Amino acid sequence: MAVLLVSPGLVAGAQQRDQIRQQQNELARIRMERAELERQMVELKTTAHDLREELINLDRRADVTARLVRTLDRQLVSIAAEVTDASMNMARAESELGQKKVVLRHRLVSIYKRGPLYTAEALLSAQSFGELVARYKYLHMLALRDRALVRRVEQLRNQVGLERDRLVGLQRGLRESREEKALEEDRLRALEDQQRTQLSHVQVVTRQTENKLARIKLTETQLSNTIAGLEAERRRAEAGRPNAARATSSIKTADYGNLDWPVEGSLVYTYGREVQSNNTAIRWNGIGIRAPIGTPVRTVSNGKVVSVRQFGTYGLTVIIEHGGGDYSIYGSLRRSLVSEGQPIAKGQAVGEVGISDPELPPHLHFEIRHGGPATDPIAWLRRK
């Protein structure tokens, strides 16, 4: 039977090519997520722009409504003056009608006192037929004049009353319209204040989000540059010892899904892209494990401490090299229990949980990196 022998160098080369391919895919995915995050930031700025335009529109509507209220106020003043004039005219008509009624009343009293035959006596006492006709005509015209005068005064009073009622109705309508427009102006001003407050809030949130994203990007860049520098140094050291056996990672394939958790607790955030409440997104290169302040943080495998320093939003961070380009990262620590260059065993405490981001509860930021790019640590930790 023929046996096919595979060179260890070919196997290592294939594994390296797969690893490079995975890194390239991961880099492409990170770039896509970053582009999406930047797009959402543009949308957030567009929302602020829309709120600003709406605020300007509301301000214009409120100004127009205020001008309309002022115009209605002027009309109310004018109508009030007309109502006053109409009331005075009506009062004069009433006074004139009263005077005419007094005259007629006196005339009726005088006629009553002279008796029902006075008119006949006045007519019959005429010296001639012509005087009789003249007296009759005079009395007839006097009665017609009095009746017409009373009718005209009553008609004038009725016209003035109708005009006054019309003006009072118009005044009432204008007053109601003025109150309605004043309420609308108050509503628009309140809505304008609300939109202005919302715009200020959106602007504050936008600035906070931009600053937070900038800090996270800076932290990621610092951490990536540190890992890249450590990896480059490790490779130079290996290149300087061509005959020495290559160091292998203490994190084996068999450890996939079986590593102990560095601390016990629920997840504050997960690996990858996470959408925030303000509709922006943050990409995490690791996981956040909630734990009380001071909880011991234990390493997931054997290795060597290669970095103990502050990393931006991650705070105090310990980086452990496990060999073969594998690293585990422990951030958001209150204090460190190890120093650089120190060998460390699996399960050994490297520090204590602290708070590095005031917007998040106490937690451990934990990452696993293979050759530089981050991978999802959950896939390597044992299931709870």
Side-chain angles (χ1 to χ4, degrees), residues 216 219-220 222-224 226-227 229-231 233-234 247-272 274 284-358 360-384:
I216 291 177
T219 301
E220 292 292 342
Q222 292 175 347
L223 188 56
S224 298
T226 300
I227 296 293
L230 293 172
E231 185 64 9
E233 183 178 352
R234 182 187 66 83
T248 59
S249 175
S250 61
I251 301 178
K252 307 296 183 182
T253 304
D255 293 327
Y256 191 82
N258 294 313
L259 292 178
D260 292 332
W261 287 60
V263 292
E264 294 294 333
S266 59
L267 293 180
V268 177
Y269 51 83
T270 57
Y271 173 84
E274 178 183 350
W284 298 104
N285 285 335
I287 59 174
I289 308 174
R290 184 194 298 264
I293 296 178
T295 302
V297 177
R298 304 187 183 279
T299 180
V300 296
S301 186
N302 303 330
K304 182 180 70 172
V305 178
V306 292
S307 177
V308 179
R309 54 171 290 193
Q310 295 282 339
F311 280 99
T313 57
Y314 291 170
L316 180 60
T317 302
V318 173
I319 302 177
I320 297 177
E321 180 188 355
H322 300 284
D326 291 342
Y327 300 86
S328 60
I329 300 169
Y330 310 83
S332 189
L333 300 177
R334 182 177 68 170
R335 68 186 182 111
S336 170
L337 301 178
V338 294
S339 57
E340 293 185 4
Q342 173 184 340
I344 196 165
K346 178 179 180 180
Q348 182 176 344
V350 297
E352 297 176 352
V353 172
I355 296 180
S356 60
D357 189 341
L360 298 175
H363 68 283
L364 169 70
H365 177 79
F366 177 63
E367 296 184 16
I368 291 181
R369 298 197 176 215
H370 292 285
T375 61
D376 189 358
I378 291 293
W380 288 90
L381 300 177
R382 58 178 172 78
R383 292 183 178 274
K384 293 188 178 181

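Heavy atoms only: backbone and side chains are in, while hydrogens, waters and symmetry mates are out. The model shown is predicted, which means the values in this text are computed figures rather than measured ones.
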Who passes side chain to side chain contact (heavy atoms under 4.5 Å, CB included) against Ala345, sequence neighbours left out? Asn302, Gln348

Output a table of donor-acceptor pairs, distance under 3.5 Å, between side-chain atoms of residues 337-344 and any protein atom two or more places apart or on a different chain; print 'none' if there are none.
{"residue": "Glu340", "atom": "OE2", "partner": "Val308", "partner atom": "N", "Å": "3.2"}
{"residue": "Gln342", "atom": "OE1", "partner": "Ser339", "partner atom": "N", "Å": "3.1"}

Do Tyr314 and Ile329 come close enough that some side-chain heavy atom pair is under 4.5 Å? no

What is the minimum heavy-atom distance between Arg382 and Trp261, and which atoms define it? O-NE1, 2.8 Å

Any side-chain heavy-atom pair from Ile289 and Leu267 closer than 4.5 angstrom? yes

Side chain proximity check, Ile251 to Trp380, heavy atoms < 4.5 angstrom: yes

Mind checking whether Asn285 and Arg369 have side chains closer than 4.5 Å, heavy atoms only? yes

Backbone N or O of Ile319 within a donor-acceptor pair of the Ser307 side chain at under 3.5 Å? no

Sorted by chain and number, sequence neighbours left out, salt bridge (Lys or Arg N to Asp or Glu O under 4.0 Å) with Arg290 holds for none

On a heavy-atom basis, the closest approach of Ser356 and Thr313 is OG-O, 3.0 Å

Working to the nearest 0.5 angstrom, can you tell me the gap between Ser332 OG and Glu352 CD? 12.5 Å

Apply side-chain contact (heavy atoms from CB on, under 4.5 Å) to His365 and Thr317, showing your working. CA-CA 9 Å; His365 177 79; Thr317 302; over 6 Å; no

Glu367 vs Tyr327 side-chain heavy atoms within contact, under 4.5 Å: no

Between CZ on residue Arg383 and CG on residue Asn258, distance to nearest 0.5 Å: 10.5 Å

Please determine whether side-chain contact (heavy atoms from CB on, under 4.5 Å) holds for the pair Leu364 and Ile287, giving the CA-CA distance in whole Å, both sets of side-chain angles, and the decisive distance to 0.1 Å. CA-CA 8 Å; Leu364 169 70; Ile287 59 174; over 6 Å; no

Proximity of Trp284 and Tyr271 rings by center, below 6.0 Å: no

Heavy-atom side-chain contact between Ile368 and Asp326 under 4.5 Å: no

Any Arg334 side-chain heavy atom under 4.5 Å of Leu316 side chain: no

I'd like to know if the side chain of Thr295 reaches the main chain of Ile293, judged simply by a donor and an acceptor atom lying under 3.5 Å from each other, with no hydrogens or angles considered. no

Start with the C-alpha distance between Val305 and Val318, add both sets of side-chain angles, then the distance that settles side-chain contact (heavy atoms from CB on, under 4.5 Å), and finish with yes or no. CA-CA 7 Å; Val305 178; Val318 173; 4.2 Å; yes

Main chain of Ser250, side chain of Ser301: is a donor-acceptor contact present, judged purely on distance under 3.5 Å? yes

Supply the atom-to-atom distance Leu259 CG to Lys252 NZ, rounded to the nearest 0.5 angstrom. 12.5 Å

For a side-chain contact (heavy atoms from CB on, under 4.5 Å) check, start with the C-alpha distance between Ile320 and Tyr330, then their side-chain angles and the critical distance, and finish with the verdict. CA-CA 8 Å; Ile320 297 177; Tyr330 310 83; 3.6 Å; yes

